[in-house]
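Structure, as structure tokens:
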Number of protein chains: 2
Amino acid sequence: MNIITTGMLKKERHAFIIRQINLHNKVLSSDLGLQLQVSEDTVRRDLNELAESGKIIKVHGGALSKSFHFPYEQKDVYAQDSKKEVARKAIGLISEGMTVLTGGGTTMLEMARLVPDDLEATFFTISPVVALELAEKKLLTVNLIGGTLNKNAQVNMGAKTISDLSEIGVDLCFLGTNGIDLKEGITDSEWEVLQVKKAMIKASARIAIMCISEKLNSVKKMKVCSLSTIDYLITDLSPTDPKLRPYEGNTKII
Amino acid sequence: MNIITTGMLKKERHAFIIRQINLHNKVLSSDLGLQLQVSEDTVRRDLNELAESGKIIKVHGGALSKSFHFPYEQKDVYAQDSKKEVARKAIGLISEGMTVLTGGGTTMLEMARLVPDDLEATFFTISPVVALELAEKKLLTVNLIGGTLNKNAQVNMGAKTISDLSEIGVDLCFLGTNGIDLKEGITDSEWEVLQVKKAMIKASARIAIMCISEKLNSVKKMKVCSLSTIDYLITDLSPTDPKLRPYEGNTKII
DNA sequence: CTTTATTTTGCGTTATCATGCAGTATTGAT
DNA sequence: ATCAATACTGCATGATAACGCAAAATAAAG
């Protein structure tokens, strides 16, 4: 257990830390300092870097494995400000009496929370989490599209979901995305997700993509749709931000 | 049950507390103090933080599960033990590879929590809350029946739900009920609920009614089905309890 | 092989956080 | 109304973190 180490390079320390975390689900800065024979400052800097790139979760006193299993109710705790900003803007697109379709994810959940109490509208969603949040608003009609619950994404997927989506028609669809790029348009890395998104797009008169700025200009494996399909692009940036300029066209930047 | 823990990070304590609450529906600050080896002050501060972010409901002496805080009931913490007992017994009816259909409500939720991690089975449910809880179990396939989310009961209802239910066939259906009586059988007070329950019964080879003993011998306005339809009656009482004697017949008392 | 630039690291300082304790207030049950 | 259990407040203490800077190590260039 006691690993003696001398003159390790930063990369090696990082690897060591990741290994320790995978092994124990947690590490203490103080322990690492001793094991790696470096100051705790260095350890803390290492942990910061690893946390920055999303490999671990840094907490006071050390760090936790990212797969640290939290019960579902708190998976969404870390809704970053950028997501909140996107959600806030998205709400502006919804007007009285509208029929809206949404996916899942933290940004959508945040949007559900921000729906004003006096809005009367009809929502369809594939996300039970979003549905439950929307159900808090007294004037909304909330329809949950059924299907097989995907454990990671916590949204319904599969054949049933897609066939049910083909039976509805809505005014506006809010979609999150991991990949958005000028040339490739909207892309995704999971095939199942791709199918569902395509079905959602077909079901909707207008499409709004919600996307935090750090995901701009990234391409994933498979294409969902081209940019021309998108009616609104909602980001945390100002609509006049130069980074968004290339996306102007058919798409309204919000 | 006495879990020994040393040098836990705050986040770990939080996760531990959430797990305990999910397990028992309630925690006492005093217990947590001992289990986590910290002062009750620290426990209380932890509980405050968790309550602050809406993950639990803090009460005098400890905290309660949030999803336990269903719109309808919440009176006494200890009456819930009977539901737990019903849920525990219900689990016994589920065997490997089975296809199961469930409704919503606290007893169902409790059952979902108690499903063993190593059970491989397929679940259908009309409750997003139950679905999300079931999704925590790695080996389960969870299918959520769509529909219009009823804000009070937090289950899907309406025409879509009923037509979807008509398309499936399962081995066993777990139903809660407010009214059960020798002569009238299973009764309910809401028309919408009635329709859904009937559809669930039609979809299932066998029917299990889950019912805490205080609801025995009560009649509601509308009839769901007669007692002869019921295969299992699960209560918090011993199967040999004289109160249950009258219900013996086609129905197996558990 | 120097010399120079860049990065990394450790240390002192200051700020922040976490925790337990003592005293006081509040609660809930009888 | 009383009493014991539970909660909250403020504070002291030790732990951890952040900041800035200078020494050391590493890489790059001449």
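Just so we're on the same page: letters track the sequence lines, and every chain starts at 1. Please read all numbers here as calculations on a predicted model, not as lab measurements.
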I want to check one thing: is the phosphate of [N], taken as OP1 and OP2, less than 4.0 Å away from some side-chain N or O of [X]?
X	N	answer
B:N48	D:dC8	yes
B:K58	D:dC8	yes
A:R44	C:dT16	no
A:T42	C:dG10	yes

Can you check the [X] [atom1] to [N] [atom2] distance for me, whole Å?
X	N	atom1	atom2	answer
B:H60	C:dT26	NE2	P	13 Å
A:D31	D:dA15	CG	P	14 Å
A:E49	D:dA17	CD	C1'	16 Å
A:R13	C:dT8	CZ	P	9 Å
B:R45	C:dC21	CZ	C1'	10 Å
B:E40	D:dA5	CD	P	11 Å
B:D46	D:dA7	CG	C1'	15 Å
A:D41	C:dT7	CG	P	19 Å

May I ask you to decide if [Y]'s main-chain N or O and [X]'s side chain share a donor-acceptor pair within less than 3.5 Å?
X	Y	value
A:K137	A:V115	yes
B:T125	B:T102	yes
A:K197	A:G176	yes
B:K252	B:L233	no
A:T177	A:I186	no

Minimum-distance nucleotide (side-chain atoms of B:K10 versus D:dA7, C:dA18, C:dT9):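 Per side-chain heavy atoms of B:K10, the pick is C:dA18.
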A:D46 and its salt bridge (charged side-chain N to carboxylate O under 4.0 Å, His left out) partner, picked from A:K58, A:K55, A:R13: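 The residue from A:K58, A:K55, A:R13 that satisfies salt bridge (charged side-chain N to carboxylate O under 4.0 Å, His left out) with A:D46 turns out to be A:R13.
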Overall bend - the helix from C:dC1-D:dG30 to C:dT30-D:dA1, comparing terminal axes fitted on five pairs, nearest 10 degrees: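 The helix from C:dC1-D:dG30 to C:dT30-D:dA1 shows an end-to-end axis angle of 40°.
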CA sep, side-chain torsions, deciding dist, call: A:R88, A:E110, salt bridge (charged side-chain N to carboxylate O under 4.0 Å, His left out): CA-CA 8 Å; A:R88 201 187 55 73; A:E110 197 58 41; over 6 Å; no
Base, sugar-phosphate or nothing for [X]? Non-hydrogen atoms, less than 4.0 Å.
X	value
B:G62	sugar-phosphate
A:V59	sugar-phosphate
B:S30	nothing

